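Data first, discussion second: the structure below is written as structure tokens.
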Number of protein chains: 2
Amino acid sequence: MTRRNGVILQQRIVALIHDRQLTPGEALPTEPMLMDLLGASRNSVREAIQALQALGIVEIRHGHGTFVGSASLDVLSPSLAFRVRSRTPSGIGALHDLVEVRELIEVGLIGQVAGTLSEARLAALDALVARMATDLSADRAFHALLYESFGNELVLQLIALFWNVYHDLEASLDPPEDRIADVVANHQRIVDALRGGDATEARAAMRAHFTDVKERVARAHTWAAR
Amino acid sequence: MTRRNGVILQQRIVALIHDRQLTPGEALPTEPMLMDLLGASRNSVREAIQALQALGIVEIRHGHGTFVGSASLDVLSPSLAFRVRSRTPSGIGALHDLVEVRELIEVGLIGQVAGTLSEARLAALDALVARMATDLSADRAFHALLYESFGNELVLQLIALFWNVYHDLEASLDPPEDRIADVVANHQRIVDALRGGDATEARAAMRAHFTDVKERVARAHTWAAR
DNA sequence: AGCAGGACATTGGACGTCCCACGTCCTACG
DNA sequence: CGTAGGACGTGGGACGTCCAATGTCCTGCT
């Protein structure tokens, strides 16, 4: 069988990007040009481009053109969020799994960076902990800054992706909870362990943080109304 | 500004799925119905649906209908593969990062399952190692079976996703290499450590495996021709 | 009565055309 | 010289028409 035609068009456009060695930010051929290059109608070309945009492979700018995208992982958050929601008939198992993956990655990662952080970096983490009680985004920034020195852009985006999806879904858990004080304390314990240069204690602190998160999930029963 | 209209249509369709509590496999309204429900033309509706299909949120069957998808992570592999390729102007840094993420996850996970595997499971892993030399898919199956007992479907799909993307890209590395004997030996060492119930040795064996993979990547210079 | 085959309705796939909205850039005017 | 305005090119969106794939159901043969 010839696979789904729409998928083939998408693959041909991706192949065109590779063949021309276009890099993120560069312009793709215009829609009329693609119609000619691919021998397809404008509708078909647009459908393929829309699909590629959903995957972050291209970026469309109205009135300007279509450009190669960077495929940042955060474009995948709708898919991940949907996946978790849909696999959660009434319970919360899929969300627990998501937190467990975060735990797995971050407990492993913090062991890699423990002992490598400068005092300036630790002070910046302290500042983020202080802001955390009133600014949720400080939480995300904390985890990003923590692992920045590891030098792996992919893992940073992965962690940010999971953070975003978790907090998006957590906000609609029923019943809602606000244990921000515990969250702040857990993060402070992590920084303290890092300042002490104790990798084992840092891992334990990170694991304790996620244990609390898993318990928060376990206490929830279902999703709140949209 | 009101965000991109196409994205809004996608969100409205996802909201419709949630509102009607449709579960994976159930049918969505037909395209004419969606045109009426969303007040959009068929082209716009189709573009939105195509984008959702690219994210695995819906599944389209020609002549049958449109159905809720399961958002399996493997639909995201085109995006991940593109990301790694595009961020690799001439070097191979992004692929190294990908392997490093695999290492992080699997080294952490094997510590969780070490000592919990039955002899039957270990024998099945032995059998996969034996097939590995001639059947590449045994490698993927090995990692899947290894962590199956952990009971986290998300992490299984994540590992499969990264495995697929890595091996897809590895196949077009220049120069090509065939170190299948080393790969088999590394996997055997992992099974042996698990049979001994030694979690520390199992982690070390897994880390050694990925160290070899990272070195294989480091020896490559660029992508081969398509 | 049972089953095989085809006609039919339904659904998505594709194309062509038209007009609109948005950005850019150049020109002409002050 | 600076700026306002418009020309141009790009993607956004809407119809309308026809094609293709699928599943169903009815017919007719055995």
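Model, not experiment: these values are computed from the prediction. To find a chain, count down the sequence lines: A is the first, B the second, and so on, and within it residues start at 1.
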How many whole angstroms separate atom [atom1] of [X] from atom [atom2] of [N]?
X: B/R46; N: D/dC19; atom1: CZ; atom2: C1'; answer: 12 Å
X: A/E47; N: D/dA14; atom1: CD; atom2: C1'; answer: 14 Å
X: B/I60; N: C/dA14; atom1: CD1; atom2: C1'; answer: 13 Å
X: B/Q50; N: C/dG13; atom1: CD; atom2: C1'; answer: 9 Å

Query - Those residues that, when tested against B/S118, pass side chain to side chain contact (heavy atoms under 4.5 Å, CB included) (two or more places apart) - result: B/A120, B/R121
Query raised in the report: Residues in side chain to side chain contact (heavy atoms under 4.5 Å, CB included) with B/N43, at least two apart?
Result: A/N43, B/S41
**Report entry** Nucleic acid contacts - residues 22-38 of chain A versus DNA chain C, non-hydrogen atoms under 4.0 Å
**Finding:** none
Report task. Pull out every residue in residues 61-72 of chain B that has a heavy atom closer than 4.0 Å to any atom of DNA chain C, ordered by number, or say none. Result -> B/R61, B/H62, B/G63, B/H64, B/G65, B/T66
Query raised in the report: Is any side-chain N of the basic residue among B/E100 and B/R102 closer than 4.0 Å to the acidic one's carboxylate O?
Result: no
Query - Short N-O contact, A/E103 and A/K214, less than 4.0 angstrom - result: yes
Query raised in the report: Can you say whether the rings of A/F210 and A/H143 are parallel (under 30°), tilted (30 to 60°) or perpendicular (over 60°)?
Result: tilted
Query raised in the report: Sequence neighbours excluded, which residues qualify as ring pair (Phe, Tyr, Trp, His ring centres under 6.0 Å) partners of A/H64?
Result: A/F67
Query raised in the report: Is any N or O donor-acceptor pair between the side chain of B/R42 and the base of D/dG13 shorter than 3.5 Å?
Result: no
**Report entry** N/O donor-acceptor pair, side chain B/N43 with base D/dA14, under 3.5 angstrom
**Finding:** yes
**Report entry** Heavy-atom pair with the smallest gap, counting every atom of B/V45 and B/L9
**Finding:** N-CD1, 4.2 Å
Query raised in the report: A/S41 has a side chain; which of D/dG11, C/dG16, C/dG12 sits nearest to it?
Result: C/dG16
Query - Pairs touching residues 43-62 of chain A that satisfy ring-ring contact (aromatic ring centres under 6.0 Å, His included), sequence neighbours left out - result: none
